[in-house]
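In listed order, ligands and their atoms are each counted from 1. Here, residue 1 is the first one in the sequence, and each next residue gets the next number.
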Amino acid sequence: MKANQINRLEKLATRRVPPTEITTQELARQLSELSHEIKRQVGVLIDRKGHVEHVIVGDASRIVLPAQARSRLAESRFNGLRCLHTHLRGEPLTQDDLTDLALLRLDLMAVIDVDPKTGLPGLVKAAHILPTTSIHNENGESLQPQYQFLAPKPPSQLDVDFLDLIESLEAEMARNRGARKASDTRERAILVSVTTDGLTFARESLAELRELATSGGLVVLDEIIQRRPRLDPATLVGKGKLDEIIINCLQFGADMIVFDRELSPGQVRAINAATDLKILDRSQLILDIFAQRAQTSEGRIQVELAQLKYMLPRLSGSGTEMSRLMGGIGGRGPGETKLEVDRRRVRDRITHLEQQIDKVREARTQRRAQRMRREMPVVSIVGYTNAGKSTLLNALTQSKVTAEQKMFATLDPTSRRLRLPQEQEIIVNDTVGFIRDLPKDLLAAFKATLEEIEQSDLLIHLADASSPLLENQLQSVERILEELELHQIPRLLVFNKCDLVEDKEQLANLCQTHNALAVSAMDRKTLAPLTNAIELRLLKRQELAEQPDEERAES
Ligand SMILES: Nc1nc2c(ncn2[C@@H]2O[C@H](COP(=O)(O)OP(=O)(O)OP(=O)(O)O)[C@@H](O)[C@H]2O)c(=O)[nH]1
Ligand SMILES: [Mg+2]
């Protein structure tokens with residue numbers, strides 16, 4: 001490049017256009033002529049006041065926008081910069097141009113055609129993002145980002161009032177976001193499900209994720225389902241789709257993306273590299289809820305342990321990446337200072353917590369020994385989260401354990417006494433709810449709590465008969481019981497929330513196929529068959545226990 005061309009490029013940085021105009025004829029001409037001479041694309045980023053902020057020189061077919069353009073994402077709705085650059089071959093706005101427009105949230109992307117003979121500016125082609133109210137169709141598949149293309153015109157005939165245009169777009173975006181109160185600090189999430197098979201399960205699973213998200217204190221803005229032949233090992237959804245989702249989030253005003261399955265450490269890193277939005281996966285969401293709920297010091301130790309174990313393999317990359325990754329909802333989770341400690345210290349902390357759990361376990365064994373001496377039978381209510389376990393315990397024992405329309409309302413096991421119809425006294429345990437794909441570390445960490453159940457004489461497996469995922473939930477609970485080696489304990493299957501099931505015949509069939517009882521924990525009148533059944537089962541067990549070994553083997 002000649003000295004005079006460099007000089008002219010540098011001068012571009014001092015230019016200013018009236019804020020209401022996309023470009024002046026003069027600026028268009030300067031860009032076009034320079035571009036023609038050096039046979040490269042030349043571009044400028046212009047702020048809302050009309051000042052040129054950056055000058056960019058590309059090659060013959062593309063320019064790369066500076067990273068600073070992205071760092072301004074935080075405040076305004078669009079980022080307050082428009083990009084104006086030249087095209088040497090008369091091509092329309094390219095896919096790269098549109099992706100930059102959306103991902104950087106530029107005010108506008110405009111290209112100026114350069115006349116190949118004269119170097120004079122030809123048509124100006126421009127596009128901006130359209131605010132949307134929905135980002136998916138009725139099948140839950142996300143829509144392509146919406147762009148509005150302005151009619152191509154020579155620079156002298158551009159009659160758009162630029163400021164007016166951008167301000168009305170921003171006003172519309174603000175309306176779409178709804179009247180978000182300043183006091184509402186809840187984070188706003190878009191849920192993403194990727195599936196390799198049917199949509200039905202993906203939809204139900206997404207419904208569960210929505211409940212998890214709401215239980216965790218998030219506002220769910222929208223849900224996206226993507227179906228693909230196989231999962232993308234790098235970014236789960238595929239790079240192009242990911243860009244699309246990120247753009248959707250920006251258009252929609254979301255703070256985070258929640259994925260309906262566990263992301264590998266590598267996937268988290270790759271996705272984080274593509275966006276400043278917070279990323280959460282299903283496991284982390286569950287961990288987060290547990291962190292919010294844990295009341296006792298034991299519960300807190302267990303949750304922190306699980307969080308640290310989840311975090312350890314993901315401990316690499318820059319500090320900011322990590323804090324974004326591990327911040328959890330509202331910046332909860334193990335906390336930023338803790339995150340900056342190196343792996344060794346995390347491992348030390350894990351060892352320390354594991355020792356503490358061992359101590360708790362000892363104390364628990366002793367307590368249990370005392371209870372054994374009292375020879376009271378123990379019955380534990382287990383089941384999927386939100387099945388109504390705490391409600392049932394309350395109804396049976398007339399107590400007031402927290403029961404809520406929230407997942408994982410119960411974290412710490414609670415015991416109550418219950419006098420059965422024939423005067424026998426028993427202990428009833430309420431337990432932490434199970435969930436499909438319970439994070440492995442969490443399961444391990446909660447083993448201690450669930451050890452309580454190990455000593456049970458009977459398990460009541462309580463299931464929500466009104467859930468569309470009933471069969472699935474039954475299987476999940478069975479699988480977890482097996483993993484916890486609790487499947488040897490006699491089990492009584494009980495369907496709850498029968499008041500919510502309209503089709504009573506179907507309910508009766510269901511009970512018959514599964515050999516289960518039907519109750520409604522909300523209605524104490526429905527519980528008599530249950531207490532009778534408990535009594536019978538315990539009696540049978542006692543008789544068995546009193547039989548000599550040979551007879552027991554026969555029966
Ligand atoms: N309609 C109806 N709602 C019920 C019934 N039993 C429980 N619920 C509701 O279901 C929700 C969950 O009840 P909980 O008792 O907290 O459920 P849980 O199994 O203890 O849940 P976690 O502790 O979160 O695992 C609450 O909103 C209850 O009011 C029932 O028989 N009928
Ligand atoms: Mg509960």
Side-chain angles (χ1 to χ4, degrees), residues 207-217 282 285-296 299 302-303 379-416 418 428-439 442-443 445-446 449-450 452-453 459-470 472-474 476-477 480-481 484 486 491-504 507 510-511 516-531:
E208 180 179 276
L209 188 71
R210 175 184 276 268
E211 262 191 67
L212 279 170
T214 326
S215 296
R282 190 170 177 278
L285 182 57
I286 295 171
L287 285 171
D288 234 280
I289 297 174
F290 276 76
Q292 288 173 44
R293 302 270 198 283
Q295 298 270 330
T296 61
Q302 286 166 332
V303 175
V379 174
S380 298
I381 310 173
V382 298
Y384 212 77
T385 180
N386 220 27
K389 300 178 294 297
S390 303
T391 311
L392 180 64
L393 179 78
N394 287 339
L396 284 173
T397 64
Q398 286 147 63
S399 43
K400 289 202 180 67
V401 174
T402 311
E404 293 183 72
Q405 182 51 45
K406 253 188 191 172
M407 301 181 97
F408 303 113
T410 309
L411 264 208
D412 303 303
T414 327
S415 305
R416 290 283 181 277
L418 169 65
V428 185
N429 283 326
D430 183 15
T431 63
V432 55
F434 295 170
I435 191 160
R436 172 176 67 84
D437 304 331
L438 188 69
L442 201 54
L443 184 72
F446 271 82
T449 316
L450 295 166
E452 191 93 332
I453 313 177
L459 297 184
I460 297 178
H461 175 176
L462 193 70
D464 176 354
S466 71
S467 165
L469 286 177
L470 175 66
N472 218 282
Q473 296 180 346
L474 290 175
S476 298
V477 173
I480 294 170
L481 286 175
L484 295 170
L486 295 170
R491 204 146 64 244
L492 182 61
L493 183 61
V494 179
F495 288 140
N496 187 30
K497 307 199 187 179
C498 290
D499 53 303
L500 296 180
V501 181
E502 303 244 321
D503 190 342
K504 300 297 171 200
L507 180 65
L510 201 64
C511 285
L517 282 177
V519 300
S520 170
M522 303 280 261
D523 180 3
R524 294 193 52 214
K525 290 195 294 293
T526 66
L527 300 182
L530 175 58
T531 42

Counting heavy atoms only, which part of D499 comes closer than 4.0 Å to ligand 1: side chain, backbone, both or neither? side chain
With a cut-off of 4.0 Å, which atoms of ligand 1 are near a heavy atom of [X]?
X: S520; result: 30 (C), 31 (O), 32 (N)
X: G433; result: 25 (O)
X: A387; result: 19 (O)
X: T385; result: 22 (P), 24 (O), 25 (O)
X: L500; result: 1 (N)

Does the shortest distance from the Mg ion (ligand 2) to an N/O/S atom of N386 fall below 2.8 Å?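 False for N386.
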Working for side-chain contact (heavy atoms from CB on, under 4.5 Å), residues L470 and L510: CA-CA 11 Å; L470 175 66; L510 201 64; 3.4 Å; yes
Roughly how far, to the nearest 0.5 Å, is [atom2] of [Y] from [atom1] of [X]?
X: I435; Y: R282; atom1: CD1; atom2: CZ; result: 4.5 Å
X: D437; Y: L443; atom1: CG; atom2: CG; result: 11.5 Å
X: I460; Y: I381; atom1: CD1; atom2: CD1; result: 5.0 Å
X: F434; Y: N386; atom1: CZ; atom2: CG; result: 15.0 Å

Side-chain contact test, heavy atoms from C-beta onward, threshold under 4.5 Å: evaluate it for L474 versus H461 and give yes or no.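 Yes, side chains in contact.
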Side-chain contact, heavy-atom cut-off 4.5 Å: R436 with L469? no
Can you tell me which residue and heavy atom of the protein come closest to [atom], and the distance to 0.1 Å?
atom: atom 17 (O) of ligand 1; value: G388 N, 3.1 Å
atom: atom 10 (O) of ligand 1; value: K497 NZ, 3.0 Å
atom: atom 24 (O) of ligand 1; value: A409 N, 2.6 Å
atom: atom 16 (O) of ligand 1; value: E404 N, 2.9 Å
atom: atom 6 (N) of ligand 1; value: N496 ND2, 3.2 Å
atom: atom 12 (C) of ligand 1; value: N386 OD1, 3.0 Å

Do any nitrogen or oxygen atoms of [X] come within less than 3.5 Å of a nitrogen or oxygen of ligand 1?
X: D430; result: no
X: T431; result: no
X: C498; result: no
X: V519; result: no
X: V432; result: no

side-chain contact (heavy atoms from CB on, under 4.5 Å) evaluation trace for E211 with T385: CA-CA 11 Å; E211 262 191 67; T385 180; over 6 Å; no
Could you work out, for atom 2 (C) of ligand 1, the closest of K389, R293, M522 by heavy-atom distance?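 Looking at heavy atoms only, the winner is M522.
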Could you work out, for atom 13 (O) of ligand 1, the closest of T391, L462, V382 by heavy-atom distance? T391
side-chain contact (heavy atoms from CB on, under 4.5 Å) between L507 and C498: does it pass, once the steps are laid out? CA-CA 8 Å; L507 180 65; C498 290; 3.7 Å; yes
Report, as yes or no, whether the 6.0 Å neighbourhood of atom NZ on K525 holds more than 12 heavy atoms from other residues, nucleotides or ligands. no
Return the set of residues passing side chain to side chain contact (heavy atoms under 4.5 Å, CB included) with D499 (not counting sequence neighbours), or none when no residue passes. K497, S520
Set of residues satisfying side chain to side chain contact (heavy atoms under 4.5 Å, CB included) with respect to N496, sequence neighbours excluded: L462, V519, A521
